[in-house]
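Start at 1 and go down the list; that is how both ligands and their atoms are numbered.
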Amino acid sequence: MPELPEVEALVQDLRGRLVGRAISRVDLAAFSALKTFDPPLHALHGTLVDDVTRHGKFLDVDASGVHLVIHLARAGWIRWRDEVPALPARPNSKNPLAARVVIDDPDLDVQPGLDITEAGTRKGLAIYVVRDPQEVEGISRLGPDPLDDAFTIDVLRGILEAEGRKQIKGVLRMQSIVAGIGNAYSDEILHAARMSPFKPANSLEDDDLQTLYDAIRGTLGDAVRRASGLAASELKGEKKSNLAVHGRTGQKCPVCGDVVREVSFADSSLQYCPTCQTGGKPLADRRLSKLLK
Ligand SMILES: [Zn+2]
């Protein structure tokens with residue numbers, strides 16, 4: 001699932017490719033992906049792209065005041081194509097294509113464009129066409145962006161105190177609390193902070209708070225720096241090869257050499273290093289122990 005660093009890198013890549021060019025048309029291949037109806041999709045046709053930005057994990061293509069907003073969810077991705085087929089993309093359940101944005105460039109003989117795709121059967125990819133990004137509910141509810149200057153340690157303290165005894169792992173990935181952090185980077189941030197994922201949000205002392213704040217900015221900032229300048233096709237591999245614990249159950253922690261463990265959490269699982277994060281003690285799998293009772 002793309003999170004803040006990958007979406008940021010996609011934004012930078014697309015900004016260079018799209019700004020100043022015109023959208024000739026947008027083909028919708030998966031009708032369920034489009035979540036809005038006014039303005040219609042064809043309001044984008046013939047518009048000039050002014051900017052490409054990001055709100056949390058949402059991508060925002062501003063085309064002369066009409067915004068094409070994309071949320072890639074778990075399995076969505078964007079692929080730039082130097083040449084797209086001349087025939088409009090058609091719905092096809094076997095094809096991962098959800099929508100295609102075709103660019104009109106009078107200097108080129110071919111039409112470039114971008115394919116918005118979604119793999120698998122759990123469809124979550126969402127496309128919105130709006131006049132103001134704040135019309136997208138997920139955007140209007142977003143918490144502060146952790147890489148923004150306005151995200152200070154006092155902002156983080158206020159957020160965590162307001163969440164009471166909730167586990168820090170869950171708090172970090174709630175988009176209404178902090179924007180852009182998902183399952184992978186919350187594991188990585190907590191590993192970098194040497195903090196238990198089950199630590200209650202309001203239990204952090206000042207030292208812990210500073211450590212967590214530095215881990216959030218450091219982990220995401222480093223990931224953005226590594227991802228910047230890479231093409232969309234290279235981003236997934238880049239992310240994977242730099243994760244310390246997320247998705248690495250059974251492998252060695254790169255910091256201490258202990259074995260990375262996994263425990264179920266919410267609708268999926270989390271990974272952590274016992275030596276670095278929980279004083280060497282494995283976390284109890286609550287779901288499993290409930291079943292055994
Ligand atoms: Zn470790």
Flag the pair Arg25 and Asp104 as a salt bridge only when some basic side-chain nitrogen lies within less than 4.0 angstrom of an acidic carboxylate oxygen. no
Distance below 2.8 Å from the Zn ion (ligand 1): protein N/O/S atoms: Cys253 SG, Cys256 SG, Cys273 SG, Cys276 SG
Heavy atoms only: give me the nearest Lys35-Leu125 pair and the separation to one decimal. CE-O, 4.1 Å
In short, Val66 meets Arg131 closest at the heavy-atom pair CG2-NH1, 3.7 Å
According to the interplanar angle, ranging from 0 to 90°, do the rings of Tyr213 and Phe151 count as parallel (below 30°), tilted (30 to 60°) or perpendicular (above 60°)? parallel
Exactly one of Asp13, Leu59, Val101, Leu235 should register a side-chain contact (heavy atoms from CB on, under 4.5 Å) with Ile78. Which one does? Leu59
Under the side-chain contact (heavy atoms from CB on, under 4.5 Å) criterion, do Tyr272 and Val263 qualify, and how do the steps go? CA-CA 8 Å; Tyr272 68 102; Val263 65; 4.2 Å; yes
